[in-house]
Amino acid sequence: MNNLTTPRSLVLAGAFLGAFTLAAHAQQPASPPAAGAAPAAAQPLPPGSPLIGRPDNEAAAKLAPVAPPPLAAAPDKLPLAKLKVPAGFSVEVYAAGMANARSLAQSDKGTVFVGSRLVDKVYAIVNKDGKRQVKVIASGLYRPNGVAFKDGTLYIAELSKVSKIEKIDDVIDNPPKPTVIYDNLPKDEAHGWKFIAIGPDNKLYVPVGQPGNNVLHDDAHGQIRRINLDGSGAEVYAVGVRNTVGFDWNPETKHLYFTDNGRDWLSETVPEDELNRVTKAGEDFGAPFCYQGNIIDQELGWGKSCSDYTPPVGLMGPHSAALGMRFYTGNMFPKTYKNAIFVARHGSWNKSKKEGGDVVVVKLDKEGKVKSVEPFLTGFLEDNKYVGRPVDVMQLKDGSLLVSDDWNGAVYRISYGKQKVAGQ
């Protein structure tokens, strides 16, 4: 494990436009040149742009990041009627009106915290007098995607730092400004937003994605770090990680499992996103040299062998954008779901026929590898267009499951059997 207590110089400097801006730009038709004028030279793409490496053909030229609506959907515009779950389950709106709702965490008192990526806010969903209310508990932040909770303290991960708010439930109506505990993180926009979680070892795990689609990078990128809850003792826990936006610990083995998004522009069908398992600190999962455990990268993999890296325990579909995941440990759902993994697949953008845009349940075999991947919550993808995009999943204390949707700015609740539900 590499110690990270001293600052690192960044090899790749600068930032690239956010996904919203890139998608909007990429989908604008070019203005025709004036009569007799020479064609304008193509403008270079900014560093880290997801369009770098896009093949020069008509089909690929139609593909670009999908810009989400800038505002949260009105409650009566949510796609609830389109959503499907297995027999015996039901899905409802848990809370709405949270633009770009992303990662989820829950306090001991039941408050649900919701991060965001394209706006500057962290939200709290609180239960008061039998009603659920949404509050903004932090604003003016930069890509506050990750949230985690432990012993009364809320942790928030922005692009390049991690902060905390202590005794958050006690100050929920007038929270103070978050206090920075760790800021030795790169500022690259590409894959810079972070999912965070606290492990069984009482340490905070923070990923640092590759600073581009498929690039050689310095030793401050392409990894998962862990730090003490006061921000000290940073160390690299896993490397060869392209972009993980979701992880959790197996309740039986305590091994860390994480989703990892494969590179773009190799083809529409490969590589598949990965589900990986860390069995010991320091493991290398191959990126950017090897993807899905058996594909040597055609640009960077010369002289490399996939056998030198830890293979995934399962594959999650090509460009499906497998993000948030949680092991299910509750008692509400049928026993067949016990210790299975729910994974939110945000959905592809660089694929003509979109894949993902759903929540799947992953069941493991006795060796901890993927035995099956089954649909669980579907309906976000209609006629190859998104009506919603799931980002994260989280089990509530009663055993029901929450699913965030950044497209609509909402959180849904999935329950099994007849349940008494608090008012909206």
Side-chain angles (χ1 to χ4, degrees), residues 191 195 197 199 205 207-210 213-214 217 221-224 236-298 300-301 304-328 339-348 350-351 355-356 358-376 393:
H191 306 143
F195 175 94
Y205 286 69
V208 183
Q210 291 184 19
N213 168 37
N214 192 57
H217 51 77
H221 295 82
Q223 61 193 229
I224 299 173
V236 175
Y237 186 66
V239 297
V241 180
R242 181 179 177 275
N243 180 36
T244 179
V245 196
F247 43 82
D248 196 15
W249 286 262
N250 187 312
E252 296 180 322
T253 66
K254 309 305 179 186
H255 289 155
L256 173 67
Y257 282 66
F258 67 93
T259 57
D260 198 13
N261 292 179
R263 63 157 292 184
D264 300 324
W265 307 127
L266 184 58
S267 83
E268 293 206 46
T269 56
V270 293
E272 294 196 38
D273 289 355
E274 301 173 3
L275 181 64
N276 290 303
R277 173 184 59 182
V278 186
T279 59
K280 59 182 179 181
E283 282 186 276
D284 190 333
F285 293 87
F289 309 114
C290 172
Y291 290 103
Q292 73 172 43
N294 57 9
I295 294 179
I296 284 293
D297 186 76
Q298 61 184 6
L300 304 177
K304 305 290 184 179
S305 172
C306 282
S307 62
D308 293 333
Y309 308 106
T310 301
V313 294
L315 301 179
M316 299 304 300
H319 311 300
S320 64
L323 301 185
M325 56 157 284
R326 296 291 199 288
F327 280 87
Y328 184 78
N339 295 336
I341 309 171
F342 286 100
V343 180
R345 302 196 305 174
H346 198 227
S348 53
N350 66 331
K351 188 169 167 47
E355 181 153 345
D358 56 16
V359 174
V360 295
V361 58
V362 177
K363 296 180 180 178
L364 305 177
D365 61 22
K366 293 181 179 179
E367 296 181 352
K369 297 180 179 180
V370 172
K371 179 173 61 176
S372 65
V373 178
E374 305 166 7
F376 183 72
V393 294

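None of these values were measured; they are calculated from a predicted model. These values consider heavy atoms only, across backbone and side chains, with no hydrogens, waters or symmetry-generated copies.
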Which distance, rounded to the nearest 0.5 Å, do you find between the CG of Leu364 and the OG1 of Thr253? 9.0 Å
Under 3.5 Å, is there a donor-acceptor pair between the side chain of Ser348 and the main chain of Glu355? yes
Here the pair of heavy atoms bringing Pro271 nearest to Tyr291 is CB-CB, 3.7 Å
About how many Å separate NE2 of His346 and CG of Asn261, when rounded to the nearest 0.5 Å? 10.5 Å
Spacing of SG belonging to Cys290 relative to CG belonging to Leu300, to within rounding of 0.5 Å: 12.0 Å
I'd like to know if the side chain of Glu283 reaches the main chain of Ala281, judged simply by a donor and an acceptor atom lying under 3.5 Å from each other, with no hydrogens or angles considered. no
Among Tyr205, Phe327, Tyr257, exactly one meets ring-ring contact (aromatic ring centres under 6.0 Å, His included) together with Trp249. Which residue is that? Tyr205
How long is the span from the CG atom in Asp273 to the CG atom in Leu323, to the nearest 0.5 Å? 8.5 Å
Testing Val278, Asp260, Val239, Thr244 for side-chain contact (heavy atoms from CB on, under 4.5 Å) with Phe285, which one passes? Val278
Using salt bridge (Lys or Arg N to Asp or Glu O under 4.0 Å) as the criterion, list what pairs up with Arg242, not counting sequence neighbours. Asp264
Minimum heavy-atom distance Val241-Gln210, with the two atoms named: O-CG, 4.1 Å
Kindly compute the distance separating CZ (Phe258) from CD1 (Ile224), expressed to the nearest 0.5 Å. 4.5 Å
Counting N and O atoms only, with roles assigned by atom type, does the side chain of Arg277 sit under 3.5 Å from a partner on the main chain of His255, one being a donor and the other an acceptor? no
Find out whether Leu275 and Ile341 are in side-chain contact, i.e. whether some heavy atom of one side chain is under 4.5 Å from a heavy atom of the other. yes
What are the two closest non-hydrogen atoms of Gly301 and Ile296, and how far apart are they? O-CG2, 3.4 Å
Closest approach of Val360 to Pro375 (non-hydrogen atoms, all atoms of both residues): CG1-CA, 4.3 Å
Spell out, as yes or no, whether a donor-acceptor pair under 3.5 Å connects the side chain of Lys351 to the backbone of Glu268. yes
Please check: side-chain N/O of Glu274 versus main-chain N/O of Gln292, any donor-acceptor pairing under 3.5 Å? yes
Verify, without hydrogens or angle tests, whether Arg345 (side chain) and Ser320 (backbone) share a donor-acceptor contact under 3.5 angstrom. no
Please report the shortest heavy-atom distance between Arg263 and Asp297, naming the atom on each side. NH1-OD1, 2.7 Å
His319 side chain vs Ser267 backbone, donor-acceptor pair below 3.5 Å: yes
Would you say Leu256 and Tyr237 make side-chain contact, with heavy atoms under 4.5 Å? yes
Are the side chains of Phe247 and Pro207 in touch, meaning some heavy atoms are under 4.5 Å apart? yes
Of all the heavy-atom pairs spanning Val343 and Val362, show the shortest one and how long it is. CG2-CG2, 4.0 Å
Once you round to the nearest 0.5 Å, how far does NE2 of His217 lie from NE2 of His191? 11.0 Å
